[in-house]
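Input: a single structure, listed below in structure tokens.
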Amino acid sequence: MKILVIGGGGREHALVWKLRQSPRAEEIFCAPGNAGTGTLARNLAITDHEALAEFAFEENIGLTVVGPDNALAGGIVDLFQGKGLRIFGPARSAARFEWSKIFAKDFMKRHEIPTAAFGHFSASEEAHRFCQGMRYPVVLKADGLAFGKGVVIAENSDAAAKSIYRMMDRGQFGEAGRGIVIEEFLQGTECSLHALLDGRNFLLLPGAQDYKQVFDGGLGPNTGGMGAFSPSPLLTAEMEERVRREILEPFMAGIRAEGITYQGVLYPGLMMTPAGPKVLEFNSRFGDPETQVLLPRLRTDLVDLLEAAIDGKLDQCNPEWSEMAAVCVVIASAGYPGPCETGREIFGLDKVDPDILVFHAGTALRGGSVVSAGGRVLGITALGADFEAARRRAYQAVSQIQFEGAHYRTDIAAGVDKWKSA
Ligand code: AMP
Ligand code: GLY
């Protein structure tokens, strides 16, 4: 079977790498891909959805896998399905759980899914009024997709008022910030949960945890994710049962009642609070870098799993996962998550031990060299018998790779083994 992967980040390199292992994968294409996907797949310089559907049709692509949220929000799944093409991912109307936070919050309220108390607003005067009655900090969120930058934690009423002004009156996020959600700040530890949905059934993947802030110790602005590990010690068997009962089952019942068909990944970002797990947001795609620690632990054929999701047969799947710990450390460009320096030659990739996974994110080929081409440049994943072993191996490889301005966190997965036995 010919397979097409849409996207060009670390998540897509991990998807291509895993799909490549399937005996069913004849040829893989990745659009637009990066220097890493180019070693396993044929990169396509196509981003237009119509042109991609045309390509898939002409090339007889048997399975398309969508990585990024904006492609889903742009209706790529609807377009492919309209041409009779098989594609993994939710239709635009189902991906709304990610592209409209207002829709997602109202849905959670209707179906009693635990989440932070909130209000949502389309007029700034009402938003200001609501903030007067809140306990600080409060969290302000642009309704739409804002490249991961649409969430602000305001420590006091001044900061909240400024954010409301920027988002709603100054149009900081354009259309995406026309409506906003204002919610209670939740204390706890975050956990990324991924489930595959096939329209009827859900299948939980193991837990993962992401490091959002750019600097060690959780300092600095939020990023797409500076590193991750899996499994998550927070998701014990008991907690998993609770998450199924309190979050996934009401979600499935809710979409059934509202006539929403959801096929693809549902990735709820959870806050584990003293009162139990609460949903921070729903994503309608694989997380990045989470995918870079989940897929290396998967023993089952990914083509079979994704096809089962498309065919409504997830109830027949029982994927196997390695017991090993996986740790991914992201190496980013100088300036990330702000404007970054790119085009820097990357050295040392050839020195890395072959059983370390070097997933490329923002990379490109220039002449015969690999150069940086984005904010997050590489994700280095290692497996180990415990987190400390995986972490040591990942950082050993990180130290062998250099480019001008490269930076990474040094505390990814630090202390997790102790935390597990605590
Ligand atoms: P979101 O895109 O909604 O997941 O928000 C991005 C990040 O902001 C989350 O991963 C959390 O770190 C933080 N965040 C969002 N909502 C809340 C909340 N209600 N309380 C505390 N932190 C939050
Ligand atoms: N790592 C967070 C995300 O993919 O949204």
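Quick note: numbers below take in every heavy atom, side chains included, and nothing from hydrogens, waters or symmetry partners. Keep in mind the model is a prediction, meaning the values are calculated, not measured. Both counts, for ligands and for their atoms, begin at 1 and track the order of listing.
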Q) Which of the atoms in ligand 1, numbered in the order shown and given with their element, are less than 4.0 Å from a heavy-atom of M271? A) 21 (C), 22 (N)
Q. To which protein heavy atom is atom 16 (N) of ligand 1 closest, and what is the distance rounded to 0.1 Å?
A. K141 NZ, 3.0 Å
**Q.** E184 near ligand 1 by a heavy-atom separation under 4.0 Å
**A.** yes
**Q.** Aromatic centroids of F107 and F282 separated by under 6.0 Å
**A.** no
Q) Among protein heavy atoms, which sits nearest to atom 19 (N) of ligand 1, and what does the distance come to when rounded to 0.1 Å? A) E183 OE2, 2.8 Å
Q.
On a heavy-atom basis, I'd like to know which of E281, E190, E98 is closest to atom 4 (O) of ligand 1.
A. E281
Q: Examine D288 against ligand 2 and note whether any of their N/O atoms are separated by less than 3.5 Å.
A: yes
Q. At the 4.0 Å heavy-atom cut-off, does G225 count as touching ligand 2?
A. no
Q.
Within ligand 1, which atoms have a heavy atom of K101 less than 4.0 Å away?
A. 1 (P), 2 (O), 3 (O)
Q. Any side-chain donor-acceptor pair under 3.5 Å between S284 and D69?
A. no
Q | Side-chain donor-acceptor contact under 3.5 Å, T300 with E320 | A | no
(Q) Give the atom numbers and elements of ligand 2 that come within less than 4.0 Å of a heavy atom of D210. (A) 1 (N), 2 (C)
Q: Using a strict cut-off of 4.0 Å, indicate which atoms of ligand 1 neighbour a heavy atom of K212.
A: 10 (O)
(Q) Quick check on Q187 - does any of its heavy atoms sit under 4.0 Å from an atom of ligand 1? (A) no
**Q.** Aromatic ring proximity Y262/F202, centre distance under 6.0 Å
**A.** no
Q. Between N34 (side chain) and T363 (backbone), is there a donor-acceptor pair under 3.5 Å?
A. no
**Q.** For G287, atoms of ligand 2 separated by under 4.0 Å from a heavy atom
**A.** 4 (O)
Q | For atom 6 (C) of ligand 1, closest protein heavy-atom neighbour | A | V151 CG2, 3.9 Å
Q) Between the main-chain N or O of E98 and the side-chain N or O of N283, is there a donor-acceptor pair closer than 3.5 Å? A) no
(Q) Just checking Y267 against F286, ring centres under 6.0 Å apart? (A) no
Q: Kindly check if the number of other-residue, nucleotide or ligand heavy atoms within 6.0 Å of CZ (R86) is above 12?
A: yes
Q) R285 heavy atoms, cut-off 4.0 Å: which ligand 2 atoms fall inside? A) 3 (C), 4 (O), 5 (O)
Q) Side chains of S230 and R297: do they bring a donor and an acceptor to under 3.5 Å? A) yes
Q.
Would you say D169 and S124 are linked by a side-chain donor-acceptor pair, where the criterion is simply a distance under 3.5 Å?
A. yes
Q) By number and element, which atoms of ligand 2 are closer than 4.0 Å to a non-hydrogen atom of G224? A) 1 (N), 2 (C)
Q | E290-ligand 2 polar pair, N/O distance under 3.5 Å | A | yes
Q: Evaluate the criterion salt bridge (charged side-chain N to carboxylate O under 4.0 Å, His left out) for residue pair E281 and K101; output intermediate values, then yes/no.
A: CA-CA 7 Å; E281 62 168 349; K101 289 190 194 279; 3.2 Å; yes
Q: Establish, yes or no, whether the cationic atom of K418 lies under 6.0 Å from the six-membered ring centre of F387 and within 45° of the ring axis.
A: no
Q. Quick one: nearest non-hydrogen protein atom to atom 7 (C) of ligand 1, plus distance?
A. N222 ND2, 3.7 Å
Q: Quick one: look up the protein heavy atom nearest atom 23 (C) of ligand 1 and list residue, atom name and how far away it is.
A: L280 CD2, 4.0 Å
**Q.** From T115, L186, V138 - option closest to atom 20 (N) of ligand 1 by heavy atom
**A.** L186
